[in-house]
There are 2 protein chains.
Amino acid sequence: MKGKATSFDIAYRAGVSQSTVSRALRNSPLVSEKTREKIQQIAKELNYTVDKNASSLRSQTSTTLALLLFEDPTSDDSLVNPFFLSMLGSITRECGKLGYDLLVSFQELDADWHSVFKDSNKADGLILLGYGDYLDYEAKLRELVKHSTPFVRWGAATKSIDTCSIGCDNFHGGWQITEHLIKHGRKQFGFIGAVHDGAPEFRARYEGHCEALTRAGLEANAQLQKNAVNTEEDGFNATLQLLAENQPLDAIVVASDLIATGVLKALEQKGIKVPEQCAVVGFDDVPIARYTKPALTTCRQDSTAAGVMLVDKLVQLIKGEPVTDAFMKTKLIVRESCGTQQ
Amino acid sequence: MKGKATSFDIAYRAGVSQSTVSRALRNSPLVSEKTREKIQQIAKELNYTVDKNASSLRSQTSTTLALLLFEDPTSDDSLVNPFFLSMLGSITRECGKLGYDLLVSFQELDADWHSVFKDSNKADGLILLGYGDYLDYEAKLRELVKHSTPFVRWGAATKSIDTCSIGCDNFHGGWQITEHLIKHGRKQFGFIGAVHDGAPEFRARYEGHCEALTRAGLEANAQLQKNAVNTEEDGFNATLQLLAENQPLDAIVVASDLIATGVLKALEQKGIKVPEQCAVVGFDDVPIARYTKPALTTCRQDSTAAGVMLVDKLVQLIKGEPVTDAFMKTKLIVRESCGTQQ
DNA sequence: CTGAAAGCGCTTACAG
DNA sequence: CTGAAAGCGCTTACAG
């Protein structure tokens with residue numbers, strides 16, 4: 001035989017019709033066990049694999065998911081948000097488990113996502129990670145909804161768009177981590193991380209932070225909140241700005257671990273001892289957090305569970321089953337940078 | 001119109017045949033400019049996208065590449081080798097640039113790679129990253145060659161198999177980093193990293209290391225080489241074994257950064273000051289290397305360039321163009337853990 | 001349980 | 001430069 005074997009080749013050898021081969025290979029109950037076994041045996045001998053393009057074309061379903069990664073606008077070319085990277089493993093594995101292939105793509109915000117993947121029948125649904133600026137992103141989400149493209153995303157739930165989002169309880173996380181510091185005697189807080197409509201997750205963390213302060217009878221000082229997008233460099237610069245306020249500080253709550261690495265760097269440069277003089281806490285629990293000196297206390301988002309859930313929900317959506325948003329609990333991971341045990 | 005627009009819909013509106021539409025959309029010179037423009041205009045209005053499955057089926061080419069990631073046997077479920085992760089960005093981007101889609105998959109060593117991706121026409125070629133044990137891997141490579149599946153891989157070149165591999169000059173890297181330490185007065189070396197046929201890259205680094213010692217009139221002491229696979233934990237344990245030899249040591253050359261984090265941890269636990277009492281150097285320059293304390297001196301493999309090259313070579317291979325192995329230069333990155341400037 | 005036939009939406013000889 | 005037709009390799013009504 002030249003070229004790849006087709007279902008016709010198998011049919012010929014098995015002495016049955018091509019339709020029967022197709023049914024047998026997909027374990028249709030319409031085929032007798034004996035016939036099925038014979039056909040599957042021959043298929044194995046011929047190293048036969050169903051042609052994906054033909055079956056997808058005919059059945060109008062690709063059993064492929066597309067993962068779209070959006071980068072933060074300022075991040076360097078080769079750097080992907082490490083938190084998303086850590087989701088990749090479980091997303092890939094879960095896809096494999098459910099029999100889906102996974103297309104991965106870095107997206108520019110100006111592309112037409114729906115046409116690129118869904119309209120061309122490359123993928124049955126989309127997983128969205130990250131977004132750059134949230135406002136532009138929201139407009140894109142509306143497009144997807146309009147085209148009734150099945151998709152799920154990691155991020156904050158929104159009332160304004162009817163989408164399935166999976167995110168962690170950022171408000172609770174911000175509260176949790178701040179409350180821990182207060183309980184251990186910290187009183188003068190700074191906060192580093194962008195707080196505006198373009199970054200709803202950072203904002204929720206900040207609001208949780210403020211809530212903890214209020215409940216403890218402390219006051220959030222807006223002057224001690226400095227914006228930073230998700231980079232080490234921004235964290236470094238924002239910290240210098242914060243210190244320039246010349247206010248007493250014994251703790252800095254940071255909106256992400258990546259930013260926190262820059263905070264630690266700035267404090268070290270200024271000779272401020274962490275955690276003795278100033279506690280620092282991050283958010284995410286990316287791999288790096290274990291290696292900083294002092295090791296970073298942070299708020300873990302379970303990226304493995306998140307990846308599995310994103311895939312599961314998307315597949316449900318594709319099958320037309322009802323799905324709900326998921327809101328994951330965060331977990332306080334105490335290391336050295338907050339100066340407490342446990 | 002219900003459902004997605006097809007080339008027939010466009011043909012109808014443009015008053016031409018469907019064949020002409022197909023040609024016009026692919027910028028065939030066989031179509032007059034006027035007709036082409038008209039057709040492309042209508043396509044845009046209808047939000048038309050070529051059906052990937054139909055075009056792939058008909059043309060027998062998918063313009064899709066598959067990235068197969070193999071995990072080290074011992075690594076935990078959600079953890080992917082950070083060095084490979086850092087290639088992912090540039091691989092994805094380069095694929096986009098060349099108009100290819102990218103399927104990503106974690107592979108078990110027992111799967112039939114060719115049938116899974118190439119024989120089913122899901123992908124035109126394969127990119128292989130990592131391998132667990134090299135001997136099993138080699139057998140798999142032979143299979144691919146036998147099925148004439150186009151593929152490229154990151155790793156050491158082999159004479160025994162006719163494949164396109166892209167790797168760094170591990171021997172030179174091992175030499176370079178050791179030579180640097182010798183030049184700065186270190187004399188008593190340990191080496192941590194698996195040195196056997198199952199890990200040819202680590203072995204090459206070790207051989208380069210030994211070569212540098214020999215040239216300097218020093219002697220490599222096999223007793224001071226301890227095996228470790230690519231994990232922090234293994235690095236930690238191997239270091240304890242090394243120290244238990246009770247031999248004088250003023251430098252440890254480590255086969256990877258990930259292992260080196262475990263080495264640093266063990267030394268800290270034993271109260272051995274890095275770099276004052278003992279220098280430590282890694283290999284790879286993964287993101288974590290900048291954050292350890294002391295920051296890790298290491299040998300950089302340019303993952304961005306590597307990713308681009310892997311994609312470019314694979315596409316050449318698919319097009320039937322001749323390709324050659326690539327051997328990238330390593331770069332010494334001096335940080336704090338070796339105790340020298342520059 | 002099985003087969004003959006249609007058709008998914010394209011690309012590409014072939015003919016003009 | 002354009003069109004009519006074949007066909008990529010399947011899945012799935014339809015008929016028996």
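Chain A is the first sequence line, chain B the second, and so forth, proteins listed ahead of strands; every chain is numbered from 1. Below, all heavy atoms of this structure are taken into account, side chains as well, without hydrogens, waters or symmetry copies.
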Nearest-0.5 Å distance, CZ of residue B:Phe117 to CG of residue B:Leu67: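 B:Phe117 atom CZ to B:Leu67 atom CG measures 9.5 Å (nearest 0.5 Å).
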
Looking just at side-chain N and O atoms, do A:Ser62 and A:Asn121 make a donor-acceptor pair shorter than 3.5 Å?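 No, no side-chain donor-acceptor contact under 3.5 Å.
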
B:Glu321, CD atom: more than 12 neighbouring heavy atoms under 6.0 Å: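 Yes, because the 6.0 Å sphere around CD of B:Glu321 holds more than 12 heavy atoms from other groups.
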
Taking side chain to side chain contact (heavy atoms under 4.5 Å, CB included) as the test, write out the residues that go with A:Tyr12, two or more places apart. none

List the residues meeting side chain to side chain donor-acceptor pair (under 3.5 Å) with B:Ser17, not counting sequence neighbours, and say none if there are none. B:Thr20

DNA chain D: A:Asn53 or B:Arg36, which has the more 5' nearest nucleotide? B:Arg36

Does anyone know the first and last nucleotide of DNA chain C in reach of chain A, 5' to 3', at under 4.0 angstrom to a heavy atom? C:dC1 to C:dG9

Hey, what's the ring geometry for A:Tyr137 with A:Phe70, parallel, tilted or perpendicular (30° and 60° as the breaks)? perpendicular

Given 3.5 Å as the limit, does a donor-acceptor pair link the side chain of [X] with the main chain of [Y], or not?
X: A:Lys313; Y: A:Cys164; result: no
X: B:Ser86; Y: B:Phe83; result: yes
X: B:Thr35; Y: B:Val31; result: no

Among residues 16-33 of chain B, which ones have heavy-atom contacts with DNA chain D below 4.0 Å? B:Val16, B:Ser17, B:Ser19, B:Thr20, B:Arg23, B:Pro29, B:Leu30, B:Val31, B:Ser32

If you look only at pairs with a residue in residues 42-56 of chain A, which of them pass as a salt bridge (charged side-chain N to carboxylate O under 4.0 Å, His left out), with sequence neighbours excluded? A:Lys52-A:Asp101

At under 4.0 Å between heavy atoms, what does B:Thr35 touch on the DNA or RNA strands: base, sugar-phosphate, or nothing?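 Sugar-phosphate contact only.
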
State the dot-bracket string of DNA chain D. Criteria: Watson-Crick or G-U wobble, both atom distances under 3.5 angstrom; notation: ( ) intrastrand, [ ] crossing earlier pairs, | interstrand, . unpaired. |||.||||||||.|||

